[in-house]
Amino acid sequence: MKDLKHFILVGPPASGKGTQGRFLADTFNLNSLSTGSLLRREVESCTELGRKALGYMDKAMLVPDEIVNDMVRGWLSEMDNDAWLLDGYPRTVAQAEALDHFLTQRGTSVDVVVWMDVARELIEQRIMHRRECSTCGHVVQTSEEECSKCGGKMVSRKDDNMEAFARRWKDFEAMTLPVARYYEARGLVVKMTVTEEREPAEVSRDLARKLEEYRQ
Ligand SMILES: Nc1ncnc2c1ncn2[C@@H]1O[C@H](COP(=O)(O)OP(=O)(O)O)[C@@H](O)[C@H]1O
């Protein structure tokens with residue numbers, strides 16, 4: 001039976017990576033790293049890395065590989081419990097190769113790559129139904145006019161969101177899909193294909209089952 005300690009989560013924006021990532025971290029007792037969140041923290045703390053990254057993040061461009069590679073290597077080196085999940089990294093094949101190189105040097109490797117394969121039409125529907133509270137920023141799929149958290153007015157940012165999504169999807173297809181294929185060629189992928197809307201908990205159960213099979 002395979003030991004599953006090193007996870008990578010790959011998927012397009014709004015594919016449910018955040019939710020399934022939390023599920024995996026809880027189930028397998030993993031330290032999880034979202035490179036997007038870490039970069040945002042660096043920006044907020046005005047570190048040198050944050051200053052370098054900001055110019056790219058502002059334009060919704062990928063931060064150069066070297067910066068992100070160094071950041072992830074630092075995070076992995078500092079960890080005491082060697083069980084982790086990376087979300088949002090590797091995002092390019094060059095990042096995947098750099099990670100492989102780093103892990104090989106340490107005598108270890110990626111154990112499994114969970115690919116959230118969600119149809120583009122489904123993600124577009126999610127974005128269309130997404131509302132954001134104009135007061136507290138709470139984001140949900142709802143048709144309610146009032147925020148369930150603070151009572152503020154719920155607004156839709158459909159056009160902005162659709163435009164941003166189209167750009168991010170293009171990047172995903174061009175740069176990150178090849179990452180999923182890179183790992184697929186190495187037999188490391190567990191693919192979660194989602195073609196119709198399902199409860200996140202149901203997707204988690206399916207995922208757990210697939211991981212059990214993969215592990216045998
Ligand atoms: N692995 C990565 N390589 C390069 N840039 C990254 C990476 N991860 C995150 N970023 C940067 O951080 C930003 C936010 O990332 P993330 O939180 O994953 O959200 P999004 O899904 O909006 O891209 C990205 O737009 C990009 O500029």
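- Using a 4.0 Å cut-off between a side-chain N of Lys or Arg and a carboxylate O of Asp or Glu, Arg215 and Glu212 qualify as a salt bridge.
- The shortest side-chain heavy-atom distance between Asn31 and Asn81 falls under the 4.5 Å cut-off.
- The nearest pair of heavy atoms linking Ala96 to Tyr183 is CB-OH, 3.7 Å.
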Determine, step by step, whether Glu199 and Ser204 satisfy the side chain to side chain contact (heavy atoms under 4.5 Å, CB included) criterion, reporting the C-alpha distance in whole Å, the side-chain angles of both residues, the deciding distance to 0.1 Å, and the verdict.
CA-CA 9 Å; Glu199 284 298 319; Ser204 298; over 6 Å; no
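- Rounding to the nearest 0.5 Å places CD of Glu146 at 10.5 Å from NZ of Lys153.
- Going from atom CG of Leu85 over to atom CD of Gln20 covers 11.0 Å, rounded to the nearest 0.5 Å.
- Not counting sequence neighbours, the partners of Trp169 by the ring pair (Phe, Tyr, Trp, His ring centres under 6.0 Å) test are Phe165, Phe172.
- Taking the side chain as every heavy atom from C-beta outward, Val10 and Val113 approach each other to under 4.5 Å.
- For the pair Pro12 and Lys17, the minimum side-chain heavy-atom distance is 4.5 Å or more.
- Judged as a salt bridge (charged side-chain N to carboxylate O under 4.0 Å, His left out), and not counting sequence neighbours, the contacts of Arg198 are Glu202, Asp206.
- Using a 4.5 Å heavy-atom cutoff, the side chains of Arg126 and Val118 are in contact.
- Residues satisfying the ring pair (Phe, Tyr, Trp, His ring centres under 6.0 Å) criterion with Trp84, sequence neighbours excluded, are His6.
- In this structure, the separation between CG on Asp70 and CG on Asp65 is 11.0 Å, given to the nearest 0.5 Å.
- When atom types are taken as modelled, the side chain of Thr176 and the backbone of Arg91 share a donor-acceptor pair closer than 3.5 angstrom.
- Side chain to side chain, Asp87 and Thr35 fail the donor-acceptor criterion of an N or O pair below 3.5 Å.
- When the side chains of ILVMFWY residues are joined at heavy-atom separations under 4.5 Å, either directly or via intervening members, Met192 and Leu177 end up in a single hydrophobic cluster.
- A side-chain N or O of Tyr182 and one of Asp100 form a donor-acceptor pair less than 3.5 Å apart.
- In the hydrophobic clustering (ILVMFWY side chains linked at under 4.5 Å, chained through shared members), Val140 is joined by Met154.
- For Phe28, the ring pair (Phe, Tyr, Trp, His ring centres under 6.0 Å) partners at least two apart in sequence or on another chain are Phe7.
- Between the NZ atom in Lys149 and the NE2 atom in His138 there is a gap of 4.5 Å [rounded to 0.5 Å].
- Residue Phe23 is grouped with residue Leu211 when hydrophobic side chains (ILVMFWY) are merged at heavy-atom distances under 4.5 angstrom, including chains of intermediate members.
- Atoms CG and CH2, on Leu38 and Trp75 in that order, are 9.0 Å from each other to the nearest 0.5 Å.
- Panel note: side chain Lys2, backbone Tyr214; a donor-acceptor pair is recorded below 3.5 Å.
- Both Leu188 and Val190 are assigned to one and the same hydrophobic cluster, defined by single-linkage of ILVMFWY side chains at heavy-atom distances under 4.5 Å.
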Given the rule in the side chain to side chain contact (heavy atoms under 4.5 Å, CB included) test, do Met57 and Arg40 qualify, once you have shown the distances and angles that lead to the verdict?
CA-CA 9 Å; Met57 295 172 73; Arg40 278 189 290 275; 3.8 Å; yes
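- Closest of all the heavy-atom pairs between Met116 and Leu9 is CG-CD1, 4.2 Å.
- Judged purely by atom type and a 3.5 angstrom limit, Ser45 has no side-chain atom pairing as donor or acceptor with the backbone of Thr47.
- The side chain to side chain donor-acceptor pair (under 3.5 Å) check on Asn69 picks up Tyr89, with sequence neighbours excluded.
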